[in-house]
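Contents: one structure, followed by commentary.
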Amino acid sequence: MHLSNRTTEQWQKIDSAHHLHPFTDFKELINTGTRIIISGKGNYVTDSENNKILDMMAGLWCVNIGYGRKELAEVAFEQMQLLPYYNSFFKTATTPSIELSKILADITPEGIERFFYGSSGSESNDTVVRLVRRYWDILGKKNKKTFISRTFAYHGSTMASASLGGMQAMHNQGDLPLPGFVHAMPPYQYKFGKNINEDEFCKFAVNEIEKKIIEIGSDNVAAFIGEPIQGAGGVIVPPRDYWNLIQDLCKKYDILLCIDEVICGFGRTGEWFGSQHYNIKPDVITFAKGITSGYLPLSGVGIGKKISDVVIKQGGEFYHGYTYSGHPVACAVAIENIRIIKEERMIENTKKNIAPYLQKRMREFENHPLVGEVRGEGLLVGVELVKNKEKKEMFDPVGTVGNICRDHCMNNNLIMRAVRDGMMCSPPLTITKDDIDKCVERFKKSLDATLEDIKKLDI
Ligand code: PXG
């Protein structure tokens, strides 16, 4: 393979001299060096030392059909030869973006029928903010500007999408959130609802949102935005009724419901979209990641009649768009990716076979002395590591134990993601029962090693 003729050490040296990594402590990384990933096949990636690593994170929650599917490379190759790029700004369009829009109208939640493309979830969430504000503006409700989101939400890294997100550490850098973005409590029962049952917690969590609406005044609130299951925030699974009640709240106060499907979309919950898993009908959705299984960057916003009736009928230009909106190669890859998901019945298989097996096997860890809770739906799992199981006491300072465990997993050729002191899985939809068994075995070893470290280091 071209370019792979350097040693690991050489790669690391060049990397630390010239490459700044996202969400990384630059100084620390220069000291520790990176692991160089060379290739991928199925549910595994291989590094420059020839370790074959089980990728239980599907890259970054995105490689839904697994690595190494030649069909995607082939359609990209064909489309690049036919037409590598053309824009859709000035009364032109390319065929893959048209075809993809039709396909998406069929599989997205009921009522969603028109799509505006970008190249990342962050960009598309910026589109959501601009589109939703324009909607209220056209309707003459010029004060309806504020977005309500939740703590630990992740909606991206641009100024607006990081403002939508509820990550304190991100807000601390760069004077965020921008005005017009507020956050309420997420449905994270292990942390915020320790001594109440699920129904009581559900009412409490929804009430916190309603209080926020009332505090700001519904005349000033444009939309509520949320991930069906919060991913990067730690696989926060809401109580079963939560989303129905939030949908009711949005109707009651005339607020748009925006659902960020960037992680939950394209099969992760065992339905095409998380909104279908929770049986809600959002006004706006955002998607990215799984639409191309990460093979090429592509994202989008989907809207239904309620919004398009206003923004289309009104006329006048929407002054917003990206060079790569509707990129023909990315759209061609998305079409092929969706075809494969359908043809190989990956979503049905996730729902009926693989997700129940993953959930069952991972819940075995509830008996481990380090584990406070195992939660998840579909192919999303979060394992909360805690200082004291009985008292539901979390580690302080937060994050050290999670990172120790993540490193043990990696040394055991298992990729899981640490969020604070929780360990997350979000594997490809192609994950097999055999691979899940391997994951459980390697994760057990890693957890035991973490427990030993905690004792030694007196954390
Ligand atoms: N919304 C959600 C729900 C996401 O998970 C984005 C928007 C932004 O997408 P882009 O394509 O701009 O990255 C995401 C992205 C992590 C991690 O550490 C998760 C994401 C991105 C980076 C890191 O778990 N999710």
Side-chain angles (χ1 to χ4, degrees), residues 20-25 55-64 117-129 147 149-170 176 181 183 186 223-238 258-266 268-269 273-275 277-278 282 284-302 322 324-325 327 330 334 376-383 399 402-403 406 409 415-427:
L20 297 173
H21 291 236
F23 280 92
T24 293
D25 177 337
D55 184 8
M56 289 301 285
M57 279 305 298
L60 203 47
W61 326 76
C62 58
V63 186
N64 288 13
Y117 296 104
S119 307
S120 71
S122 304
E123 278 178 351
S124 284
N125 277 329
D126 277 43
T127 300
V128 168
V129 173
F147 279 75
S149 171
R150 298 166 300 170
T151 313
F152 299 133
Y154 188 78
H155 296 297
S157 254
T158 55
M159 296 293 275
S161 63
S163 297
L164 282 174
M167 300 292 190
Q168 191 63 51
M170 291 177 76
L176 298 177
F181 297 90
H183 305 85
F224 177 83
I225 185 163
E227 306 151 68
I229 295 167
Q230 286 173 248
V235 181
I236 300 171
V237 182
C258 304
I259 296 294
D260 184 334
E261 296 274 6
V262 168
I263 284 180
C264 291
F266 300 95
R268 186 138 303 284
T269 64
F273 290 86
S275 302
H277 180 73
Y278 287 111
V284 182
I285 61 167
T286 314
F287 52 85
K289 293 189 189 279
I291 187 168
T292 56
S293 288
Y295 281 52
L296 279 179
L298 181 68
S299 66
V301 173
Y322 307 110
Y324 301 124
S325 289
H327 193 287
E377 291 274 337
L379 292 181
L380 284 167
V381 178
V383 181
N403 281 338
R406 197 245 341 255
C409 288
I415 296 176
M416 284 177 70
R417 158 111 170 71
V419 176
R420 296 182 300 281
D421 293 306
M423 298 302 298
M424 311 297 135
C425 292
S426 171

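First listed ligand is number 1; within each ligand, the first listed atom is number 1. Owing to the predicted nature of the structure, the values given are computational and were not obtained by experimental measurement.
The backbone N or O of E123 lies less than 3.5 Å from a partner atom in the side chain of Y322, making a donor-acceptor pair. Remark: side-chain polar atoms of S325 are paired, donor with acceptor, to backbone N or O of Y117 under 3.5 angstrom. Checking side-chain atoms of H183 against main-chain N and O of L164 turns up a donor-acceptor pair under 3.5 Å.
Annotation: K289 places an N or O atom under 3.5 Å from an N or O atom of ligand 1; distance criterion only. For ligand 1, the polar-atom distance check against E227 finds no nitrogen or oxygen pair separated by under 3.5 Å. By the 3.5 Å distance cut-off applied to N or O atoms, A288 is not counted among the residues near ligand 1.
Considering only non-hydrogen protein atoms, atom 10 (P) of ligand 1 sits nearest to G121 N, 3.4 Å. Among protein heavy atoms, atom 22 (C) of ligand 1 sits closest to L60 CD2, 3.6 Å. With hydrogens left out, the protein atom closest to atom 18 (O) of ligand 1 is R417 NH2, 2.6 Å, a heavy atom.
Residues V301 and S124 come closest through the heavy atom pair CG2-O, 3.2 Å. The two residues H155 and A153 make their nearest non-hydrogen contact at NE2-CB, 3.6 Å.
Heavy atoms from other residues, nucleotides or ligands lying under 6.0 Å from OH of Y295 number more than 12.
Interface atoms of ligand 1 facing I263, defined by a heavy-atom separation under 4.0 Å, are 5 (O). Close approach to S122 involves these atoms of ligand 1, each under 4.0 Å from a residue heavy atom: 8 (C), 9 (O), 10 (P), 12 (O).
Heavy-atom separations between F23 and ligand 1 are all 4.0 Å or longer.
Aromatic ring centres of F224 and F147 lie farther apart than the 6.0 Å criterion allows.
When W61, F287, Y154 are checked for heavy-atom proximity to atom 2 (C) of ligand 1, Y154 turns out nearest. In this comparison of D260, N125, T158, L298, the heavy atom closest to atom 1 (N) of ligand 1 sits on D260.
Side-chain contact, S275 with E261: a donor N or O sits under 3.5 Å from an acceptor N or O.
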